[in-house]
Amino acid sequence: MNSKKKSFFEGVYEVVKKIPYGKVTTYGLIANYLGAFKSARMVGYALNSSHKYLDIPAHRVVNRNGLLTGRHHFSGSLLMQELLENEGAIVIENKIENFHDMLWDPSSKIK
DNA sequence: ATTCTGACGTGGG
DNA sequence: CCCCACGCCAGAA
């Protein structure tokens, strides 16, 4: 069957929407899951366009250091941190302290 | 078509 | 962990 060719952006949205509550993932893992390990930058770029979409928990996507790199793109710089802390994350200085604890790999959903 | 950008990652120090 | 330099590549102008 012919799968509709989804844009890189659409692929990113699908994965991000599947991030479970209280979990976070990285741009690199999403890119890797989409088969474009080298296009991690594009993931963030795609999330930037996700503003006009609904149900895109972009706040659960951080960089490899657990740093809230995209907090500036939210409505208010603190919104992203508030959401993460609400889900059990410990954010200090824009960085998730228990990052490893709540990290979720999109490949895990395949199991 | 070309050029620039960017919510990143890796490797080395 | 931090800092620096380079690579990556899909979309926008």
Side-chain angles (χ1 to χ4, degrees):
Chain A
M1 55 308 214
N2 289 326
S3 307
K4 267 178 108 118
K5 192 163 158 276
K6 297 187 298 191
S7 298
F8 208 92
F9 283 35
E10 295 182 66
V12 174
Y13 304 146
E14 291 297 301
V15 177
V16 175
K17 284 200 280 191
K18 287 167 186 172
I19 302 175
Y21 182 91
K23 289 286 184 176
V24 297
T25 191
T26 69
Y27 304 97
L29 289 174
I30 296 174
N32 192 0
Y33 176 74
L34 294 174
F37 173 68
K38 299 179 257 189
S39 306
R41 308 182 84 182
M42 291 310 308
V43 177
Y45 199 68
L47 270 307
N48 192 2
S49 296
S50 72
H51 270 287
K52 56 188 175 187
Y53 294 88
L54 302 179
D55 302 316
I56 307 286
H59 62 273
R60 293 183 187 145
V61 186
V62 295
N63 75 351
R64 65 171 168 101
N65 290 322
L67 198 65
L68 283 57
T69 44
R71 85 203 148 126
H72 260 290
H73 292 261
F74 284 83
S75 316
S77 314
L78 299 180
L79 178 60
M80 188 175 186
Q81 178 172 335
E82 295 280 319
L83 289 169
L84 288 170
E85 289 180 324
N86 188 26
E87 299 186 3
I90 300 178
V91 181
I92 300 178
E93 298 291 297
N94 306 321
K95 182 180 68 221
I96 300 179
E97 294 296 302
N98 56 343
F99 176 56
H100 196 72
D101 256 352
M102 45 194 317
L103 180 60
W104 174 82
D105 190 324
S107 301
S108 309
K109 79 183 181 62
I110 301 176
K111 233 144 151 245

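Protein chains get the first letters and strands the later ones, always in sequence-line order, with residue 1 at the start of each.
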- Message: Both A/Phe37 and A/Leu47 contact DNA chain B. Taking the nearest nucleotide for each, which residue is further toward the 5' end?
- Response: A/Leu47

Value rounded to 0.5 Å, distance of [atom1] in [X] from [atom2] in [Y]:
X	Y	atom1	atom2	answer
A/Met42	A/Ile30	CE	CD1	13.0 Å
A/Leu29	A/Trp104	CG	CH2	9.5 Å
A/Met80	A/Arg60	CE	CZ	11.0 Å
A/Asn63	A/Phe99	CG	CZ	7.5 Å

- Message: Once you apply a heavy-atom cut-off of 4.0 Å, does A/Ala58 come out as touching a base, just sugar-phosphate, or nothing?
- Response: base

- Contact string for nucleotides 5-13 of chain C, one letter per nucleotide 5' to 3', B = base within protein heavy-atom range under 4.0 Å, S = sugar-phosphate only, - = neither, reads --BBBBSS-

- Message: Distance under 4.0 Å to a non-hydrogen atom of chain A counts as contact; along DNA chain B, which nucleotides mark the start and end?
- Response: B/dG6 to B/dT10

- Query: When you look at A/Gln81 and A/Leu68, which way does the side-chain contact (heavy atoms from CB on, under 4.5 Å) test go after all the steps?
  - Reply: CA-CA 8 Å; A/Gln81 178 172 335; A/Leu68 283 57; 4.1 Å; yes

- Query: Under the side-chain contact (heavy atoms from CB on, under 4.5 Å) criterion, do A/His73 and A/His51 qualify, and how do the steps go?
  - Reply: CA-CA 9 Å; A/His73 292 261; A/His51 270 287; 3.9 Å; yes

- Tell me, with the steps shown, if A/Val24 and A/Ile19 meet side-chain contact (heavy atoms from CB on, under 4.5 Å). CA-CA 7 Å; A/Val24 297; A/Ile19 302 175; 5.9 Å; no

- Query: Are A/Tyr53 and A/Val61 joined in one hydrophobic group, where the rule is that I, L, V, M, F, W and Y side chains link up if heavy atoms are under 4.5 Å apart?
  - Reply: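 Result: yes, single cluster for both.
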
- Message: With clusters defined by side-chain heavy atoms of hydrophobic residues (ILVMFWY) lying less than 4.5 Å apart, directly or transitively, does A/Leu67 cluster with A/Phe74?
- Response: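 No.
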
- Strand-adjacent residues in residues 59-73 of chain A, judged by heavy atoms under 4.0 Å from DNA chain B: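 Correct list: A/Asn63, A/Arg64, A/Thr69, A/Gly70, A/His73.
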
- Quick one: do A/Ile56 and A/Lys17 satisfy side-chain contact (heavy atoms from CB on, under 4.5 Å)? Show the steps, please. CA-CA 5 Å; A/Ile56 307 286; A/Lys17 284 200 280 191; 3.7 Å; yes

